[in-house]
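Treat the numbers as computed from the prediction; the structure is a model and nothing was measured.
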Amino acid sequence: QVQLVESGGGLVQAGGSLRLSCASSGHSFSSRAMGWFRRAPGKEREAVAAMTWNGDGTYYAAFVKGRFTISRDNSKNEVYLQMTRLKPEDTAVYFCAARGGPQIEILERYYDYWGQGTQVTVSS
C-alpha cells in the first residue's frame with residue numbers, strides 16, 4: 001500500500017520558517033521525481049517545488065524561489081521542503097506527490113501518488 005505522509009506544518013509568523021517532511025512507503029521512491037504542491041484558500045492547487053529522482057535537478061515556482069528549498073533522502077524515502085521568509089500568501093495546504101518517472105514535471109497529472117496534505121498558516 002502506497003503512503004505519503006506529510007508533517008511539519010503549523011502556524012508561524014511572517015518572516016518565520018518551517019520544514020515540511022514527507023515520509024513515503026509502498027513504492028519505488030528512489031526512482032521517482034518528487035514534488036511539493038499547495039492549495040491556498042479559494043485557489044487551485046499549484047506546483048511549488050520538485051526534485052529529480054537523484055536530486056541533481058530541481059524546480060521552484062517563481063513565488064518561492066530563493067525562499068524555499070526542496071531536498072530528499074533516498075535512504076529514508078523522505079522528501080523535505082525547507083521554507084524560510086514565509087509570507088501570509090504562503091498560507092495553504094501543502095501536499096507532497098510522487099511522480100510516475102524520474103524527471104521533473106510540474107503538472108499534477110504526471111504524479112501517481114499524493115499525500116493528504118499539511119496545513120501551513122502564516123500570520124501577518
Looking only at non-hydrogen atoms, find the nearest pair between [X] and [Y] and report the distance.
X: Leu86; Y: Leu18; result: CD1-N, 3.9 Å
X: Arg67; Y: Asp90; result: NH1-OD2, 2.7 Å
X: Gly66; Y: Arg85; result: O-NH2, 2.6 Å
X: Val93; Y: Gln119; result: CG2-OE1, 3.2 Å
X: Ser124; Y: Ala14; result: CA-CB, 4.3 Å
X: Leu81; Y: Ala49; result: CD1-CB, 4.1 Å

Does the side-chain contact (heavy atoms from CB on, under 4.5 Å) test come out yes or no for Trp36 and Met83, once each step is laid out?
CA-CA 12 Å; Trp36 285 97; Met83 305 186 295; over 6 Å; no
Show, in sequence, the C-alpha distance, side-chain angles and deciding distance for Phe63 and Glu46, and conclude whether the side-chain contact (heavy atoms from CB on, under 4.5 Å) test is met.
CA-CA 11 Å; Phe63 52 79; Glu46 59 187 353; 3.5 Å; yes
Under the criterion side-chain hydrogen bond (donor to acceptor under 3.5 Å, both in side chains), which of Asn74, Asp112, Thr52 is the partner of Arg32?
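When Asn74, Asp112, Thr52 are each tested with Arg32, the side-chain hydrogen bond (donor to acceptor under 3.5 Å, both in side chains) holds only for Asp112.
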Give a yes or no on whether [X] and [Y] share a hydrophobic cluster (residues Ile, Leu, Val, Met, Phe, Trp, Tyr; joining criterion: side-chain heavy atoms under 4.5 Å apart).
X: Val2; Y: Val79; answer: yes
X: Met51; Y: Val64; answer: yes
X: Val12; Y: Leu20; answer: yes
X: Met34; Y: Phe95; answer: no

Under 3.5 Å: donor-acceptor pair, side chain of [X], backbone of [Y]:
X: Arg99; Y: Trp53; answer: no
X: Arg72; Y: Phe29; answer: yes
X: Glu6; Y: Cys96; answer: yes
X: Thr118; Y: Tyr94; answer: no

Mind telling me whether His27 and Tyr113 have parallel, tilted or perpendicular rings, with 30° and 60° as the class edges?
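Rings of Tyr113 and His27: tilted, 30 to 60°.
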Plane angle bin for Tyr111 and Phe37 - parallel if under 30°, tilted between 30 and 60°, otherwise perpendicular:
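Rings of Phe37 and Tyr111: perpendicular, over 60°.
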Nearest-0.5 Å distance, CG of residue Asn54 to OG of residue Ser31:
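So the gap between those two atoms works out to 11.0 Å.
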Value rounded to 0.5 Å, distance of OG in Ser30 from CG in Asp73
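One gets 11.0 Å once the value is rounded to the nearest 0.5 Å.
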Taking the side chain as every heavy atom from C-beta outward, state whether Arg38 and Val120 have any atom pair closer than 4.5 Å.
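Result no, sub-4.5 Å side-chain heavy-atom pair not found.
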Hey, mind stepping through Trp114 and Glu108 against side-chain contact (heavy atoms from CB on, under 4.5 Å) and telling me if it holds?
CA-CA 10 Å; Trp114 293 82; Glu108 293 187 28; 3.8 Å; yes
Would you say CD of Gln116 has more than 12 non-hydrogen atoms from neighbouring residues, nucleotides or ligands within 6.0 angstrom?
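At most 12 heavy atoms, drawn from other residues, nucleotides or ligands, come within 6.0 Å of this atom.
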Is there a side-chain contact (heavy atoms from CB on, under 4.5 Å) between Tyr60 and Ile70? Walk through the geometry before answering.
CA-CA 9 Å; Tyr60 294 98; Ile70 187 171; 3.4 Å; yes
Donor-acceptor side-chain pairing of Glu78 and Tyr80 below 3.5 angstrom
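Looking only at side-chain atoms, Tyr80 and Glu78 do form a donor-acceptor pair, the distance falling under 3.5 Å.
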